[in-house]
Amino acid sequence: MLHVAWTEHYLGLWQFDSLGRRVFEADLRRLEPTRLFLRHLAEWRYEQQDLPDLSDEAWRRTIDLYPDGKNSQGLYPRGRLGGSTRTLVDLPRDLWWLPVPEFGCWEYLLTASQFGLPGTFKLVEETSDIASQPATGAAEPFGWRPPVPAAAPWPEELFTPGFRFTHRHRSKPLTIEPVRTVTEIALPTGQLAVCDPSYLPTGTEGDPLVIEVPPVSTRCRRPAPATRAKCSATASPPATHLPCVCW
């Protein structure tokens with residue numbers, strides 16, 4: 001099964017066994033107009049017939065590739081909860097990329113050596129004897145969306161008094177009240193470190209975890225959840241007058 005979403009620069013490939021369980025996944029990203037990058041591969045093997053789809057007990061192998069050359073392979077012989085080994089990927093760099101196929105011409109992609117899918121493939125146009133019914137209203141949005149990285153929720157709401165949210169480590173909802181000014185910080189150089197520099201990968205050039213902000217003194221806000229339990233909170237030094245929409 002192919003999932004194609006060119007507007008999101010995504011092409012996904014799934015293979016199923018005779019029982020309808022997923023046994024192979026490929027995640028490709030259109031990082032260049034004519035080339036697809038092989039971002040992720042996953043494989044499952046079901047030793048027992050009664051194991052459900054994507055069972056935690058199924059043998060599993062994952063491969064993650066990154067455009068900068070970083071890569072990793074995870075092997076789970078006894079399933080996701082049974083321990084694993086991590087190694088580098090034994091796949092030549094020139095096989096990390098594939099040409100973008102013309103829409104509808106998927107044979108080359110399905111038979112690519114990177115996937116190792118057995119057999120031959122023939123695409124057959126689906127036909128149906130059921131007559132389509134005329135639309136009576138506005139078209140509804142298609143429910144499927146390609147996978148995207150997880151994003152931190154509510155960047156602006158976490159500094160809004162009265163905002164309520166739930167947390168997996170708390171049995172009851174938390175409420176932000178109030179938002180306090182904890183200190184005043186000076187930014188004379190106009191540079192703000194946005195992460196602990198010790199997290200920089202080995203061999204990283206430059207300083208990608210520093211952003212440019214106006215060289216001024218500014219107040220630093222800290223939200224306080226209304227609960228007696230100790231809870232870590234994020235300090236927010238404002239770098240712009242615009243509301244924060246993501247981080």
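Treat the numbers as computed from the prediction; the structure is a model and nothing was measured.
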What is the distance from atom CD of Glu25 to atom NE2 of His3, rounded to the nearest 0.5 Å? 9.0 Å
Measure the CD1-OG1 distance between Ile176 and Thr160 for me, rounded to the nearest 0.5 Å. 8.5 Å
Check: Asp64 side chain, His40 main-chain N or O, donor-acceptor pair, under 3.5 Å: no
Is it the case that Gln73 and Arg61 place a side-chain donor and acceptor less than 3.5 Å from each other? yes
Cation-pi, Tyr76 ring and Arg60 (6.0 angstrom, 45 degrees): yes
To check you understand the geometry: which heavy-atom pair defines the closest contact between Val100 and Pro33, and what is its length? CG2-O, 3.8 Å
For Phe24 against Trp44, the heavy-atom pair lying closest together: N-CE3, 3.9 Å
Donor-acceptor under 3.5 Å (Ser55 side chain, Leu51 main chain): no
Please work out whether the ring planes of Phe165 and Phe163 are parallel, tilted or perpendicular, with thresholds of 30° and 60°. parallel
State plainly whether one hydrophobic cluster holds both Leu54 and Met1, where clusters connect Ile, Leu, Val, Met, Phe, Trp and Tyr through side-chain heavy atoms under 4.5 angstrom apart. yes
Here the gap from Phe115 atom CZ to Leu98 atom CG, rounded to the nearest 0.5 Å, amounts to 5.5 Å
Check: Pro101 and Tyr108 side chains under 4.5 Å, non-hydrogen atoms: no
Working note: Leu28 + Arg35, criterion side-chain contact (heavy atoms from CB on, under 4.5 Å); need CA distance, chi angles, decisive distance, verdict. CA-CA 10 Å; Leu28 300 104; Arg35 296 205 300 169; over 6 Å; no
Distance col, row Leu109:CG vs Leu11:CG, nearest 0.5 angstrom, shows 6.0 Å
side-chain contact (heavy atoms from CB on, under 4.5 Å) evaluation trace for Arg170 with Leu174: CA-CA 8 Å; Arg170 297 288 183 267; Leu174 300 175; 4.0 Å; yes
Tell me, with the steps shown, if Arg39 and Arg29 meet side-chain contact (heavy atoms from CB on, under 4.5 Å). CA-CA 7 Å; Arg39 171 63 186 85; Arg29 301 292 169 153; 4.2 Å; yes
If hydrophobic clusters are built by linking Ile, Leu, Val, Met, Phe, Trp and Tyr wherever their side-chain heavy atoms come under 4.5 Å apart, do Leu88 and Leu75 end up in the same one? no
Distance check, rounded to the nearest 0.5 Å: Arg30 atom CZ versus Thr7 atom OG1? 11.0 Å
Path from Trp6 to Leu13 over hydrophobic side-chain contacts below 4.5 Å: yes
In the single-linkage hydrophobic clustering (I, L, V, M, F, W, Y; side-chain heavy atoms under 4.5 Å), do Val89 and Leu95 co-cluster? yes
Residue pair Ile63 / Glu43, side-chain heavy-atom distance below 4.5 Å: no
Count the heavy atoms belonging to other residues, nucleotides or ligands that lie under 6.0 Å from CG of Asp90, then report whether that count exceeds 12. no
Given Trp97, which of Leu36, Leu65, Leu31, Leu38 fulfils the side-chain contact (heavy atoms from CB on, under 4.5 Å) condition? Leu31
Counting only heavy atoms not in Gln114 (residues, nucleotides, ligands), do more than 12 fall under 6.0 Å from its CD? yes
Can you tell me if Asn71 uses its side chain to pair, donor with acceptor, with the backbone of Gly69 under 3.5 Å? yes
Is the backbone of Asp17 close enough, under 3.5 Å, to the side chain of Tyr46 for a donor and an acceptor to pair up by distance? no
Mind checking whether Trp59 and Arg78 have side chains closer than 4.5 Å, heavy atoms only? no
Between Pro147 and Tyr10, is there a side-chain heavy-atom distance shorter than 4.5 Å? yes
Nearest-0.5 Å distance that lies between atom CZ in Arg22 and atom CZ in Phe16: 6.5 Å
Flag side-chain contact, heavy atom, 4.5 Å: Thr62 against Arg86: yes
Closest heavy-atom pair and its distance - Pro146, Ala5: CG-CB, 4.1 Å
